Amino acid sequence: MANFYTDHPEIKFNLESSPLMQRIVELKENGYADKDSFDYAPEDYADAIDSYNRVLEVAGDITANTIFPNSEDVDAEGPHCEDGRVRYASKTYENLEATRKAGLNGVTMPRRFGGLNFPITAYTAINEMIASADAGFENIWSLQDCIETLYEFGDEDQRSRFIPRVCAGETMSMDLTEPDAGSDLQRVMLKATYSEADKCWYLNGVKRFITNGDSDIHLVLARSEEGTHDGRGLSMFIYDKRDGGVNVRRIENKLGIHGSPTCELVYKNAKAELCGRRKFGLIKYVMALMNGARLGIAAQSVGISQMAYNEALAYAKDRKQFGQAIVNFPAVYEMISNIKARLDAGRALLYQTARYVDIYKGLEDIERTRKLTDEEKAELKLYQKLASACTPLAKGMNSEYANLNAYDSIQVHGGSGYMLEYACQRLYRDARITSIYEGTTQLQTVAALPHITTGTYSQMLEELEAGEVAAEYESLKARAKAMDAKFNEAIETVKAANNNEFTDLCSRHLYELAANCVMSQLMLRDATKAPELFEKSMKVYLNLAEAEIAKHYNFVKSVNVEAMESYRK
């Protein structure tokens with residue numbers, strides 16, 4: 001019987017292999033204090049890892065044998081809007097019930113609220129598997145991680161009222177985008193008005209492109225400060241569908257992710273409550289919300305890439321042409337090897353990022369109950385910076401890879417891949433949104449640029465270079481180090497120009513230089529630890545990365561700015 005966890009040992013490797021996991025579990029379990037109060041709480045590190053593995057095996061079973069078989073029906077039917085409410089595709093309700101019964105809700109939330117108290121690294125593994133089965137359903141399921149923002153910034157009363165509901169299976173959404181405020185969220189104008197008589201806030205306005213917009217619990221960005229027009233006038237609110245006041249005007253008719261309803265919402269005196277402090281909605285809370293969402297899209301992208309590889313390889317082994325399986329043709333096995341190399345490299349970056357997030361969030365959680373030591377404060381600052389640097393790389397590069405891999409998967413299928421009966425066409429349609437929503441790849445470049453110019457990535461690469469590799473990989477390590485040197489030289493070239501427009505023009509190229517260098521080093525590390533899993537991908541990826549490094553390095557060193565500027569006229 002198929003299982004998307006045990007069938008893909010690369011996920012288990014990324015869950016268990018890093019020495020950082022010991023620290024992550026130590027922080028998450030906080031001295032294993034829950035073991036006396038909850039019979040499912042672990043007693044030590046080994047027990048915690050065993051617990052993660054058991055739950056991931058259950059998730060692997062559900063994704064392989066319920067969600068994936070339902071995916072084509074869900075894609076064909078899609079959700080419907082009826083009387084201002086969303087009705088999911090019928091098979092989506094089966095998926096929701098299966099994940100609810102398995103306890104796959106509130107995965108990262110504390111046990112006192114009914115959660116599993118798992119680290120984000122383990123949650124990411126479940127997220128990846130669900131996305132592999134159906135990226136549209138993953139959008140519905142994974143929005144439970146909005147509860148992280150409520151947990152971090154809401155008060156204890158809000159936590160006690162809302163978190164148990166999510167842990168029990170209720171759904172969430174984040175209502176940010178408006179018709180005139182997409183990437184520029186400072187222009188959000190949904191109005192929040194406080195009623196002294198009712199002692200509550202009321203929301204009025206329109207939100208657009210809201211994923212799972214008819215959810216049970218919404219986090220809403222709204223303008224609370226009258227007369228303002230920038231981010232300083234925005235606050236975060238909690239809207240409970242039980243209170244009414246929000247209707248679905250329509251569900252968008254999309255290219256892909258058909259199972260996920262993308263809604264236009266109309267707020268009419270919708271009762272809401274403030275989450276955290278006024279005026280911090282965009283400045284602090286949405287940034288935290290978006291970083292979590294971007295890590296989720298990175299996991300979704302890896303899941304799509306995994307299924308693109310599965311479909312391409314299976315078809316290539318089965319399809320016969322000229323008297324043999326097409327997997328034997330160099331033009332075909334090159335595409336398949338490239339898909340797998342990008343998948344493994346992107347997954348390594350995804351889980352490295354998740355581990356960084358786990359450590360700083362674990363320390364922040366402890367800080368809610370006691371003061372951190374000076375050493376802990378330094379650790380928190382370091383891992384916040386690393387998570388901030390790696391999140392835009394993980395989201396941007398994995399979403400671009402998902403698109404490339406889905407494209408190549410169709411190409412392996414040839415004409416059959418263009419037919420609706422093959423899953424690769426759905427993967428291709430689903431992948432396209434990943435490099436757009438939760439911040440386009442261009443916006444990920446903007447987020448990464450400060451870490452390029454201040455040397456965060458260069459320092460990361462230096463530390464990765466210092467790691468030991470297997471003796472037979474020394475020549476490959478030298479090639480990776482030469483790539484790192486080109487990245488650093490490109491940075492110096494841009495800095496020397498001392499021109500902001502030139503920096504912006506080169507930023508995407510610097511971004512891809514950084515990402516290719518980091519993933520090459522991570523692949524060398526992983527192949528050293530588990531050559532049976534990663535040696536082939538590592539060798540293929542280094543070839544791909546070298547070509548990309550040369551392309552982007554040459555752009556920075558020799559771009560004709562005047563020729564490109566002429567297209568502005």
Side-chain angles (χ1 to χ4, degrees), residues 15 18 20-38 40-45 47-49 51-52 55 105-127 144-167 172 219 236 238 275-277 280 284-296 351 353-388 390-391:
L15 177 71
S18 173
L20 292 179
M21 279 306 295
Q22 190 88 35
R23 180 60 170 154
I24 289 166
V25 174
E26 177 185 297
L27 291 169
K28 194 68 179 176
E29 291 302 331
N30 197 14
Y32 301 95
D34 279 359
K35 67 180 184 297
D36 297 325
S37 304
F38 299 91
Y40 62 97
E43 297 182 355
D44 54 30
Y45 176 73
D47 196 15
I49 294 294
S51 178
Y52 305 158
V55 172
N105 296 92
V107 174
T108 62
M109 287 294 100
R111 295 182 184 92
R112 70 180 187 274
F113 296 125
L116 295 178
N117 201 53
F118 277 17
I120 287 166
T121 304
Y123 168 76
T124 296
I126 303 172
N127 206 3
Q144 65 175 274
D145 68 8
C146 292
I147 205 65
E148 287 274 349
T149 299
L150 191 151
Y151 174 70
E152 289 178 29
F153 303 114
D155 58 36
E156 190 60 23
D157 174 62
Q158 290 170 334
R159 294 185 191 118
S160 65
R161 285 186 290 115
F162 292 109
I163 296 177
R165 289 171 55 185
V166 174
C167 294
M172 293 196 73
L219 293 182
M236 180 73 75
I238 305 166
C275 181
R277 296 167 59 186
F280 278 67
K284 188 171 184 179
Y285 306 149
V286 167
M287 291 302 101
L289 192 63
M290 289 292 283
N291 280 335
R294 286 168 179 172
L295 190 64
Y351 285 94
T353 306
R355 289 187 283 266
Y356 291 155
V357 172
D358 265 326
I359 291 179
Y360 93 76
K361 282 190 176 289
L363 287 162
E364 282 186 339
D365 205 23
I366 288 172
E367 196 173 25
R368 293 184 180 93
T369 60
R370 66 166 173 83
K371 286 186 176 181
L372 299 180
T373 65
D374 289 343
E375 292 80 7
E376 288 172 331
K377 288 177 183 177
E379 186 182 21
L380 172 59
K381 186 176 180 180
L382 170 64
Y383 284 99
Q384 274 181 324
K385 181 176 77 170
L386 291 171
S388 175
C390 285
T391 296

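Values reported hereafter were calculated over all heavy atoms of this structure, with side chains retained and with hydrogens, waters and symmetry mates removed. Computed from a predicted structure; not experimentally measured.
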Exercise. Take the angle between the ring planes of Phe153 and Tyr285 and call it parallel below 30°, perpendicular above 60°, tilted in between.
Key: tilted
Quiz item: Got a salt bridge between Glu152 and Lys361, using NZ or NE/NH1/NH2 to carboxylate O under 4.0 Å?
Solution: yes
Quiz item: Is Arg23 salt-bridged to Glu379, going by a charged N under 4.0 Å from an acidic O?
Solution: yes
Quiz item: Picking from Arg370, Lys371, Lys381, Glu367, what satisfies side chain to side chain contact (heavy atoms under 4.5 Å, CB included) with Glu376?
Solution: Arg370
Quiz item: Under a 4.0 Å N-O cut-off, is there an ion pair linking Asp365 with Arg368?
Solution: yes
Exercise. Could you tell me the separation between the CG atom of Asp34 and the CD atom of Glu43, rounded to the nearest 0.5 Å?
Key: 12.5 Å
Exercise. Mind jotting down which residue pairs meet the ring pair (Phe, Tyr, Trp, His ring centres under 6.0 Å) criterion with at least one end in residues 363-388? Sequence neighbours excluded, please.
Key: Tyr356-Tyr383
Self-check item: Under 3.5 Å donor-acceptor, Tyr52 side chain and Tyr123 backbone
Solution: no
Self-check item: Side-chain H-bond candidate by donor/acceptor type, Asn291 with Thr391, under 3.5 Å
Solution: no
Quiz prompt | Nearest-0.5 Å distance that lies between atom SG in Cys390 and atom NZ in Lys385 | solution = 11.0 Å
Exercise. For Lys28 and Thr108, indicate whether the former's side chain and the latter's backbone hold a donor-acceptor pair under 3.5 Å.
Key: yes
Quiz item: Under the 3.5 angstrom rule, does the side chain of Asp358 hit a backbone N or O of Pro119 as a donor-acceptor pair?
Solution: no
Quiz item: Ignoring hydrogens and geometry, is there a side-chain-to-backbone donor-acceptor pair from Thr124 to Ile120 under 3.5 Å?
Solution: yes
Practice problem: Check side chain to side chain contact (heavy atoms under 4.5 Å, CB included) between Tyr40 and all other residues, then give those that pass, not counting sequence neighbours. | Solution: Phe38, Arg111
Practice problem: Measure the CG-CG distance between Leu363 and Leu380 for me, rounded to the nearest 0.5 Å. | Solution: 5.5 Å
Exercise. Supply the atom-to-atom distance Leu150 CG to Phe162 CZ, rounded to the nearest 0.5 angstrom.
Key: 7.0 Å
Quiz item: Can you list the steps and then say if Thr149 with Leu219 is a side chain to side chain contact (heavy atoms under 4.5 Å, CB included)?
Solution: CA-CA 9 Å; Thr149 299; Leu219 293 182; 4.0 Å; yes
Quiz item: If you measure from the Lys or Arg side-chain nitrogens to the Asp or Glu carboxylate oxygens, is any gap between Asp155 and Arg159 under 4.0 Å?
Solution: no
